Amino acid sequence: MYYICQKIKICRKDSGRSQIDFAQNCGRPFCGVITSLSVFFLSSDTEQIQQEIKRVLPELDVNKLQDVVNHLCFVVGVQKTQDLALVEVTDLQDFLFPIQSSRGQVDEMPIEITFTPLPPHDSLSEQPSTSYTPSNSDWLSMFQIPWERMPAALLHAASNKEKAPLGPRREFVRNVVTAMRELCPNPNLADCGEVEKQIFSKHSLTFGDFSEEGEQLGKGYSSLQRQLKTRVEHVNRDNVAHRIRQPKKNTAEQELNSCTVKKVRCKVDSYGCINWQPTSMPDGETTESLEMKRKVVLEKFQSGGPHSTELSDVDILMQETYIYQRQMINSCPPPAISDIEVEWPYLFTKRGLCNHFEILTGIDISSRLSECLIGKSNRIVNYFQKQTLKWNAEVQALLKEIEATPATNNKTAISAILLTMKYFKEKENSLFILVDETSTKMSIETEQTLPATPRLIMLGDKLLTSSKWMVSIEGKVTHCIGEKLDFAAALSALFGCFYVFNIEYQESASATLEVIQRFFVRINPEGTKCAAKSGTSRKTGSTVKRKVQNVNPHVHTFLQSLTEFEWKTSN
């Protein structure tokens, strides 16, 4: 049975009436507003009345249709099709389901009717109308995980605290969603998260998100939460009523156009940090003593230049004044990078930046990237090379270029990052800027329009063969990487800037930066360091509203696929 949303247009030439609108609220406990049955007239006999009703209500079976016609003709007194326009709601309420209608303006055109399929009558107790009703998560208190429906292979993995096999995991997800929908037809993402918390708390090692080093990714259950919600959306794909959601107060367009300057500190600034803003002064220190030490450090830099950062006393002074540095960097509104450079020039050397990063996050980024970049980069390059035909034209073109480029110490690491960007359909210039090998800091700032967000400036004929690097922030070159250092050192400086200076990931390269963060540097907090509310669609190129996720689902899928590929090819 269909409910009917009608816009009725009737021309009554013989009576001179220009338009007729029949709509009234039903006194019976039906949902919505019920519109009276009004149709374009054809003739005056019973057969034509039956045909007209059949045309408007094609789902009526023969017996029901005959009952309606008999009632209208012998009880209500309808004798011709014109009389159908005078039929009241109460005349049909014992024979038909309620119909929900919107008024239609009448012009010189025949009848115009739109049918909207809705759930069967037996589901009306759960979904009384097509209008939105807020999600009620009280059902969660009654919900029980159907552990008895776990596949045998999954049960074996859980008992041995092993990772869930893919097939049995998908089967269990289907069983869980089936049980959820018995209480709630369309659980939202938050509801799926609550269910996954129960699963994760009992079998975290089987269902949780962990890196290959055993470190928890974000909350630890984002992938299963998304898998549950994806299954919910799949089973509801043909059910309009269960998929309907409340319209947001502000449209996406309004949100995209409401770009304001950030004037308060937020969670993104301290994302992944363990010592973002110390609250107590070092023993025996005061603001005045720290200011004196800052001036000493500044004098050493002015007399010795960037190379004086190698002095041990400079390291000690910078460590002792760390709280003072954070007070300036974390001040609100945020200071310009050029102002920080004036006060703390050692933060704009590779050594000074990485030392600060270690105090801030507890990670020696130079050592970590030096140790793991080549090995993990080899794995990424191998992942793409062994599945060449699987990738799009851009990835395949890059693979050919990599194969044709002579081997260097930095080629593999650079290749891995570039392939990752191609995979996420992120443009190279959203993270790298290629300049001539002979370029200087002054010539780059003069000849290039440098963006506000950090970029790694690659000096050379092409990105794959570059051997010198610089970092730019807010339109200026801020860090020059020594010629004796490798790409790992350059990447350390680039990535370190995002944390040390409280800079959010640029949306255009956010997925690649999160891979660097989670896969290479192994910082795995909840959420993301990209707070952009809008972004560019990788498919259409248009501006779209950006979903903020606990862990970027594309990043998680990529890392999971990499692990699964290696597991399959090694067995």
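Please read all numbers here as calculations on a predicted model, not as lab measurements. Just the heavy atoms: all of them, side chains too, but no hydrogens, waters or symmetry mates, feed the values below.
Here CD1 of I363 is found 4.5 Å from CZ of R368. Values are rounded to the nearest 0.5 Å. Remark: L431 CG to L513 CG distance equals 5.0 Å, nearest 0.5 Å. Distance CG/L418 to CD/E428: 5.5 Å, rounded to 0.5 Å. Taking CE of M421 as the reference point, atom CG of L398 lies at 11.0 Å (rounded to 0.5 Å). Taking OG1 from T557 and CG from L562, the interatomic distance works out to 12.5 Å, rounded to the nearest 0.5 Å. Considering OG of S141 and CD of E194, their distance stands at 11.5 Å, rounded to 0.5 Å.
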If you apply the rule side-chain contact (heavy atoms from CB on, under 4.5 Å), what do you find for T420 with F519, and how did you get there? CA-CA 12 Å; T420 303; F519 187 61; over 6 Å; no
Could you check R169 against T206 for side-chain contact (heavy atoms from CB on, under 4.5 Å), going step by step and ending with a plain yes or no? CA-CA 9 Å; R169 173 175 164 137; T206 302; over 6 Å; no
Stepwise, does the side-chain contact (heavy atoms from CB on, under 4.5 Å) test hold for L399 with Q385? CA-CA 7 Å; L399 287 170; Q385 287 179 334; 3.8 Å; yes
Trace of the side-chain contact (heavy atoms from CB on, under 4.5 Å) decision for T361 with V521: CA-CA 11 Å; T361 64; V521 185; over 6 Å; no
Q517 vs Y505, side chain to side chain donor-acceptor pair (under 3.5 Å): CA-CA, chis, key distance, verdict: CA-CA 11 Å; Q517 168 205 315; Y505 295 159; 2.8 Å; yes
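At least one side-chain heavy atom of K229 sits less than 4.5 Å from a side-chain heavy atom of C192. Proximity of Q396 to T388: side-chain heavy atoms (C-beta onward) are separated by under 4.5 Å at one or more points. When side chains are defined from C-beta on, S510 does not count as touching T528, because their heavy atoms never get closer than 4.5 Å. Side-chain contact between E507 and S430: absent, with no pair of heavy atoms (C-beta onward) separated by less than 4.5 Å. Side chains of F200 and V195 form no contact here, defined as non-hydrogen atoms less than 4.5 Å apart. Taking 4.5 Å as the limit, every side-chain heavy atom of K425 sits out of range of all side-chain heavy atoms of E394. The shortest side-chain heavy-atom distance between V555 and F424 falls under the 4.5 Å cut-off. Between R149 and F172 the shortest side-chain heavy-atom distance does not fall below 4.5 Å.
Heavy atoms from other residues, nucleotides or ligands lying under 6.0 Å from CD of Q144 number 12 at most. Atom CD of Q560 has more than 12 heavy atoms from other residues, nucleotides or ligands within 6.0 Å.
In this structure, K427 contributes its side chain and A509 its backbone to no donor-acceptor pair below 3.5 Å. Side-chain N or O atoms of N160 include none that pairs as donor or acceptor with a backbone N or O of E162 at under 3.5 Å. Not a single donor-acceptor pair under 3.5 Å links the side chain of N429 to the backbone N or O of F432. Judged purely by atom type and a 3.5 angstrom limit, N275 has no side-chain atom pairing as donor or acceptor with the backbone of G362. In this structure a side-chain-to-backbone donor-acceptor pair under 3.5 Å is present from R181 to P185. Side-chain atoms of W276 come within 3.5 Å of backbone N or O of D269 as a donor-acceptor pair. At least one donor-acceptor pair under 3.5 Å links the side chain of Y271 to the backbone N or O of G527.
Listed here is the closest heavy atom pair of V232 and P187: CG1-CD, 3.7 Å. Shown here for A531 and V268, the closest heavy-atom pair between the two residues is CB-CG2, 3.9 Å. I365 and G496 get closest at one heavy-atom pair: CD1-N, 4.4 Å. Pairing each heavy atom of L154 with each of P165, the nearest pair is CD1-CD, 4.1 Å. Nearest heavy atom pair, residue M150 against residue A158, reads CE-CB, 4.2 Å. The two residues I523 and R518 have their closest heavy-atom pair at O-CG, 3.7 Å.
A salt bridge does not link R174 with E171: every distance from a Lys NZ or Arg NE/NH1/NH2 to an Asp or Glu carboxylate oxygen is 4.0 Å or more. Ion pairing of R379 with E566 is present here, as a side-chain N (NZ or NE/NH1/NH2) and a carboxylate O approach within less than 4.0 Å.
By the 30° and 60° cut-offs, the orientation of the rings of F143 relative to W139 is perpendicular.
Residues Y383 and W391 place their aromatic rings such that the two centres sit under 6.0 Å apart.
Figure legend: cation-pi geometry between K390 and F384 absent, as NZ or CZ is not positioned both under 6.0 Å from the six-membered ring centre and within 45° of its axis. A cation-pi arrangement is present between K202 and W147 under the rule of less than 6.0 angstrom and at most 45 degrees off the ring axis. Remark: K386 is not positioned above the aromatic ring of F565, lacking an NZ or CZ atom under 6.0 angstrom from the ring centre and at most 45 degrees off the axis.
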